[in-house]
Amino acid sequence: MTLSSAAETAGAVPALETRDLTVRFGGHVAVNGVGCRFTRGTLTAIVGPNGAGKTTYFNLISGQLRATAGSVLLDGHDLSSHGAAGRTRRGIGRAFQLTNLFPNLTVRENIRLAVQARRGRGFDIFSMAAHGRHLIQRADAILEQVRLGVRADDVVATLPHGDQRKLEVAILIALEPRIFMFDEPTAGMSVDEVPVILDLIHGIKSDPANTVLLVEHKMDVVHSLADRIIVLHNGYLVADGDPKEVVASPIVQEAYLGMGASTHV
Amino acid sequence: MLNWIISGDRPRSRILAAVLIIILLGLLLAPFVFPGTRSLAVAARICVLIVLVASYDILLGYTGIVSFAHTMFFGIGAYGVAIALNALGPSWGAVGLGTVAGVAVSIAAAAVIGLLSLRVRAIFFSMITLAVASFFLILASQLSFITGGEDGMSFRVPRMLTPAFKLFEDEIFGQRFNGRLVAYYLVFISSLVLFLFMLRVVNSPFGRVLQAIRENDFRAEALGNRVVLYRTAASCLVAALAALAGVLNALWLRYTGPDATLSFAIMLDILLMVVIGGMGTLYGAVIGVVILSLAQFYLQDLMGAASSALAGIPVLPELIAADRWMLWLGILFVLSVYFFPTGIVGKLRER
Amino acid sequence: ADPIKIALISGKTGPLEAYAKQTHTGLMMGLEYATQGTMEIDGRKIEVIEKDTQLKPEIARAVLAEAYGDDEVDLAIGPTSSGDALAMLPVAQEYEKILLVEPAVADSITGDKWNRYIFRTGRNSSQDAISNAVALGKPGVKIATLAQDYAFGRDGVAAFRDALASTGAEIAHEEYVPRDTTDFTAPAQRIFDAMDKVEGDKVLFVIWAGASTPFAKLAAMEPERRGIKIATGGNILPAMAAYKALPGMEGATYYYYDIPKNPVNDWLVTEHQTRFNSPPDFFTAGGMSAGIAAVEAIRKAGSTETEALITAMEGMSFMSPKGEMTFRKEDHQALQEMYHFRIKVDENVAWGIPELVRVIGIDDMDVPIRNQR
Amino acid sequence: MSERSMPERAGAAGARDGGVGDAAQAGALLTLAGVHTHIAQYHILQGVDLVVPRGGLAMLLGRNGAGKTTTLRTIMGLWHASQGRITFDGRDITAAETPDLAKGGIAYVPEDMGIFSSLTVRENMLLAARSGPMDDRRLAWIFDLFPALEKFWNWPAGNLSGGQKQMLAIARAIVEPRALLIVDEPSKGLAPAIIGHLIEAFRELKATDTTILMVEQNFSMATALGDTVAVMDDGRVVHAGSMHELAHDGDLQRRLLGLSLDSHQ
Amino acid sequence: MTARALKTAGMVERHAPLAMAGLILFLPLILIDPGTWLVLAIAGLAMGMMIFLMASGLTLVFGLMDVLNFAHGAFVAVGAYLATGLLSPGGPFAGLMGVSLLGDVGAMLLAILVACAAAGVLGLVFERVIVRRVYGAHLRQILITVGGLIVAEQLITVIWGADPIPLPKPETLRGSIFIGDIAVERYRLVACALGLVAYLGMHFALNRTRIGLLVRAGVENREMVEALGYRVRRLFVGVFVAGTALAAAGGVMWALYQEIVTVHIGADVMILVFIVVIIGGLGSVGGCFLGALLVGLTANFMGYLAPTLALGSNILLMVAVLLWRPRGLYPATKN
Ligand SMILES: Nc1ncnc2c1ncn2[C@@H]1O[C@H](COP(=O)(O)OP(=O)(O)OP(=O)(O)O)[C@@H](O)[C@H]1O
Ligand SMILES: Nc1ncnc2c1ncn2[C@@H]1O[C@H](COP(=O)(O)OP(=O)(O)OP(=O)(O)O)[C@@H](O)[C@H]1O
Ligand SMILES: [Mg+2]
Ligand SMILES: [Mg+2]
């Protein structure tokens, strides 16, 4: 397994690329020189043990963290000078691993804010937000997609955990990014709800303009969605390639799945 | 139409709606319904404070920024016209110039403070504003050759706003139509317009982003909103509004000074008004202002009467002596935070 | 007959509450004394309406306007702080009614902010400064001043400097510190450094407003080791507790109950002692002066018409706890005697006792007229 | 309302028929009988009956929003039941305060992990070890389970990765022996290898006489560990029985949990 | 390797503020002659200790419980007024005083103890009636405690009257000790000693016991601390009471320094106290201690070198510290 993946051979500029991305906290290197290219129309699953640096890697790409070294390129353009907000507006969207919402606003307002941010209407002080019909319609449409329509008027803090996870995904969709990053979207979601989310991600992936990155510990989910898997371990990128091969590789079997642990999954 | 004027922000409570209408009518007809200098002064003060407190609520209730520098901007506006009127004489030109200068300085100051310090943790920001505000207070009293120092400055306003100016010679409805009336309606109409403007702001897309930032700034940033920029913009906006309130206050009082515009006591009054009324709703600001202003102006009289009625009973008269009105204000303070955590408006809307 | 209505406007609530209380007591006793206990003038009952400025100038204006406009008082007395007073002056002019200022001290009240409806029984800053200059100034005396860094302090030092010019003493160093200073080590060191460089009788003159005073802290640094004596004006009794650290200190004061010898003061001290079990203080005397002045003025004018009152009061002399006072025609400031004192310490008295050195008579002080008529 | 309360009882009766049996009932460590819980004006739990046999591991399953977390919080005294009775070790604890329950031997791993992020990992553990210094042998066992904790021992817990926080939350609950362990979705966010460890760990705990009540979405983990199982829906227990029975009844799974064969391999 | 790097980083982190303090202490030696410098430095340190006494209670409550107690000043005032009752001629401890240094200091310590106890009881009531409902909500804390401050000040006026009350220092604590030409006020030495004792006591309580951890954890997630088996309520009450007792102790000391007590004696120093607490890094007792010393020193050196700047020196110091370390010298919590 080489660090350059099959997808790269297309020759075109990759949708997203990280070069030598590194971040250090005190003496601890959480992400260590990770270089990787992500191509449009594909879904790359990122797996690795807890604390491997997956979320941190996402944070570096989406701008929540500043890299100690290395760079992130979107369509070949260096993003180093942009913060989280700038990167979102340029099309890098992400859903968080630990639920991160506006707890005292309604479900609909949460989405509406995302739609509004996407449309860049934030500095308008003269019109009424409640009159932005198309924003609200769009928000409602997305809520239907994730089957949260019935809870549209509820305050987010009163939602059960699983529904909050769905809202997290819905907000990402509302941002209409070109790069979608999901951080364990199905964690805490009940089994019957999981297929809804998987269908959604599948739909996103099937648009050739989109690029999807997915962190997930459930191997069944990874198998059903991923075109490619990369493995992070102790901050290093240790494997990259076709799902079947990667999963079969000894390092994944040992360090990640645990010997014989796959029976539990 | 009405919905458009109030930006779709309905009171959402019958009682609240009724109270607001009564307040509006009361202020509109104050010179006729409540004759006397004191009541007119109270009415004008209420108008000014509504602008000041509502603008503070945009910062505090909607954006979640605790600033102690709001009175500083109020002062800058007031000193702006005061200095201009002193230097250029009582003309409308001077009023205009002073207003523009005051607003501009306020916006600039807010922008600098915001960009420098809105990144730090909220509580530190409050403390920085506290420090800046007390520094400004010191400055105002030190630069006595411009500001009149501790003593403040009295100045003359355009003749149209003084009692000497007579609209009609005779009294109509028992009211002299003189410049004070003109001044009152100038204050009233300006305040109303500014209030409706603020109502629009908080219900605009911009206002919604501010609320999102208050709820979860990290997430708001991740949605693509540059939080520091929004916070700074909000600070600048409310600074300008506070400065305008300062201008109105100065024109009405024909006096300005550190105690009247800059003191920490006013800052606390504003805070209290916002909270009693209900944070995060501009109608709350109105209610808070009216209740507290009435208390400040009339509680003392009321207590004086009660105290003399109870003369002879030990301790009690001492506790409700007119000079102890602050005690009861303090108790009101505590009780209102205690029992109306969402403010009066929140309580009214609960039902 | 209609009652005579007098408004007492003071900062009843707020940091100066204690002062306002004294003024109130003094005023009521003054009215009582001047009417021989009847509280009537020419058959008209006196009615005192009290109003609180809360030490907020805008409220001060509002309550004064209310007193004149709604309560229709004949004249108003007050307020406690100069800030309130300066805000109130234009209101008196607007309503064309008299405001008898007591005890606010700012020079500008009877100076450039003055108008013809303003009279003052209280002493002004200049009078304070000049009396101290008279008490301390001798040829060969070198003085350092310590004052708070704001208009009151700087004006006080300026007036003091002017008054000192004719005495042969001179100012060697001026030190200004923030108003709320509590630690005087640094300013004292600066003063010591400066005074080490000059020869002569060295005096450190302190102008200080507020309850917490620098004296004990200055005394603890033992300036006498460097040949420097501390001097300052009088103050209210609780503040003079700090003077106990400075036996022998000299200065000039506006009032101390034991000093003036006249029937008015005798009555005040005895009555105050019996009623309140304490001697009258600074502002009690001031309040009483104002009460007596009001009664005398109305008697003399024979009416409560403003113009009649102004005519009667200009140049009017009346007895006060501080002896005879006269409203100067030019700026309506009451000229009055002041007292050169020296501090004596008595273990049984809670404060340092100012013993009279000499009375500084009206003629000993050349109080400048600073208003434009 | 009165109509709705009927199936409740039926459900409860069903629970007994479901094979737990009266013996287990007698040996129950924790029993909930007809528990109703209101949060503000919402009626969330609508008569929950639940039996946790002494020394066993009881699984609580159900869709998102079924009321599982609310049930656990009600037991813990974090919400209070408005009706019904909760008994623990023979004592009525319906109205007991949280700290007393904790002192009485109940440990709790909340859904949101409840990490003190400003404290270090060590300090987090220290607070959980109420009775004195931490037992070195037990600590070694915990480090063995979750090596990351040892590595980040003196770090602020807020900086841990999502999965590491979950490990810390569990470790805190087992730092000292407790009579009853209440765990809300422990596997959420954990890598497969760690889940394998975790299963072992819970088995060991069971062997030490610790009774466990666990909410889980990971069905394979649930089947691997559970002795008894209760399934919740709409604020009620709609099925109770042995885990073995549910694990081998596809129909029941589909009906109760919406599980279909393709969503878990 | 990484461990060492970590350690060095930590050392720098920890010692930079100390280095800064050293700089502020010694740099003025270039401009001031050594005798004067010594006088200023000692006076500044002692002033800092007194401020620390008043600020320590606030930082405890502020830092551990995240409660902004604007009424802290009222408890300082209560301490001060109690001192006037206890230590004035005619008061219960007057008999001890005026004879020997031991008697005077003893009387003072007794007064502090009584004041602490009384203020502690008041603090208990205050916590019950006022603060209890507003844990976790800064804004409401500010408001309700300001309300409490007003009520407390008014009640003080009702009880003790509006007149300032003089409070002479005990005879033996007046004046200065002279070392050559250098005057050191006796009282400041006593203040130094007491400040140090208070600091060490708090340091021990917070670092050698679990209390500090528990309270911090309780603020962050109260439910979880209860679920671990601790009574958060009692803990909070205890900390709050300790905070008010410390305020009262500071009040006694400050009243004796000022020698006159007014209703606003506490409120007047509150801005200064807040500045100290902020500089120190919200809730860190060590930071507060260092911050207080820095404030004392800066005020004295600035007052000597550039009196016109002395006015804003505290604020300037705070802004400078925050620009350098946006969360204060020793941030108590990491986030
Ligand atoms: N604080 C609250 N206020 C109002 N309703 C609430 C509150 N907390 C939970 N609920 C409601 O109670 C119901 C049960 O929630 P609970 O969290 O117990 O579900 P759950 O079974 O744990 O779901 P999940 O598997 O998603 O964690 C949900 O409908 C939820 O909306
Ligand atoms: N802000 C931070 N400061 C210090 N260390 C951090 C910080 N953020 C993350 N780390 C450390 O970096 C490592 C990687 O964390 P990260 O959250 O990326 O893991 P992860 O791969 O997402 O794990 P999980 O599957 O458990 O979510 C962890 O060991 C964590 O402790
Ligand atoms: Mg992660
Ligand atoms: Mg749950």
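Owing to the predicted nature of the structure, the values given are computational and were not obtained by experimental measurement.
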Exercise. Give a yes or no on this: more than 12 heavy atoms of other residues, nucleotides or ligands lie within 6.0 Å of atom CZ of A/Arg119.
Key: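 Counting other residues, nucleotides and ligands, CZ of A/Arg119 exceeds 12 neighbours.
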Quiz item: Above 12 or not: heavy atoms from other molecules or residues under 6.0 Å from CZ of B/Arg226?
Solution: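 Open.
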Would you mind checking which part of [X] comes under 4.5 Å of any heavy atom in chain B, side chain (CB onward), backbone (N, CA, C, O), both or neither?
X        : value
A/Leu172 : neither
A/Arg87  : neither
A/Leu175 : side chain

Exercise. May I ask you to check whether B/Phe206 and A/Phe126 place their ring centers less than 6.0 Å from one another?
Key: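 Distance test on ring centres: not under 6.0 Å, no.
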Quiz item: If you tally heavy-atom pairs under 4.5 Å against chain B, which of A/Ile125, A/Asn110, A/Ile92 wins?
Solution: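 The residue among A/Ile125, A/Asn110, A/Ile92 with the greatest pair count is A/Ile125.
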Self-check item: Max heavy-atom pair count under 4.5 Å with chain B, selected residue of A/Ala117, A/Gly83, A/Ala129, A/Pro103
Solution: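 Between A/Ala117, A/Gly83, A/Ala129, A/Pro103, the count favours A/Ala129.
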Quiz prompt | Check: B/Arg219 side chain, A/Leu101 main-chain N or O, donor-acceptor pair, under 3.5 Å | solution =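 No: the side chain of B/Arg219 does not pair with the backbone of A/Leu101.
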Practice problem: Output yes when a side-chain donor or acceptor of A/Thr88 lies under 3.5 Å from a complementary backbone atom of B/Leu223, and no otherwise. | Solution: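 The answer is no, because no donor-acceptor pair under 3.5 Å joins these two groups.
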Restricting to non-hydrogen atoms, name the atom on [X] and the atom on [Y] that form the minimum distance, rounded to 0.1 Å.
X        : Y        : answer
A/Phe123 : B/Ala233 : CE2-CB, 4.0 Å
B/Ala222 : A/Gln64  : CB-NE2, 3.5 Å
A/Phe102 : B/Asn216 : CE2-O, 3.4 Å
B/Arg200 : A/Ser127 : CD-O, 3.8 Å

Quiz item: Tell me, do A/Arg112 and B/Arg208 make a side-chain contact under 4.5 Å, heavy atoms counted?
Solution: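 Yes. Closest side-chain heavy atoms under 4.5 Å.
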Quiz prompt | Gap separating the CD atom of B/Gln211 from the CG atom of A/Leu105, nearest 0.5 angstrom | solution =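 Taking CD in B/Gln211 and CG in A/Leu105, the distance rounds to 6.5 Å.
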Self-check item: Winner by heavy-atom pair count (cut-off under 4.5 Å) against chain A, out of B/Gly8, B/Ala212, B/Gly207, B/Ala220
Solution: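 Greatest number of close heavy-atom pairs with chain A: B/Ala212.
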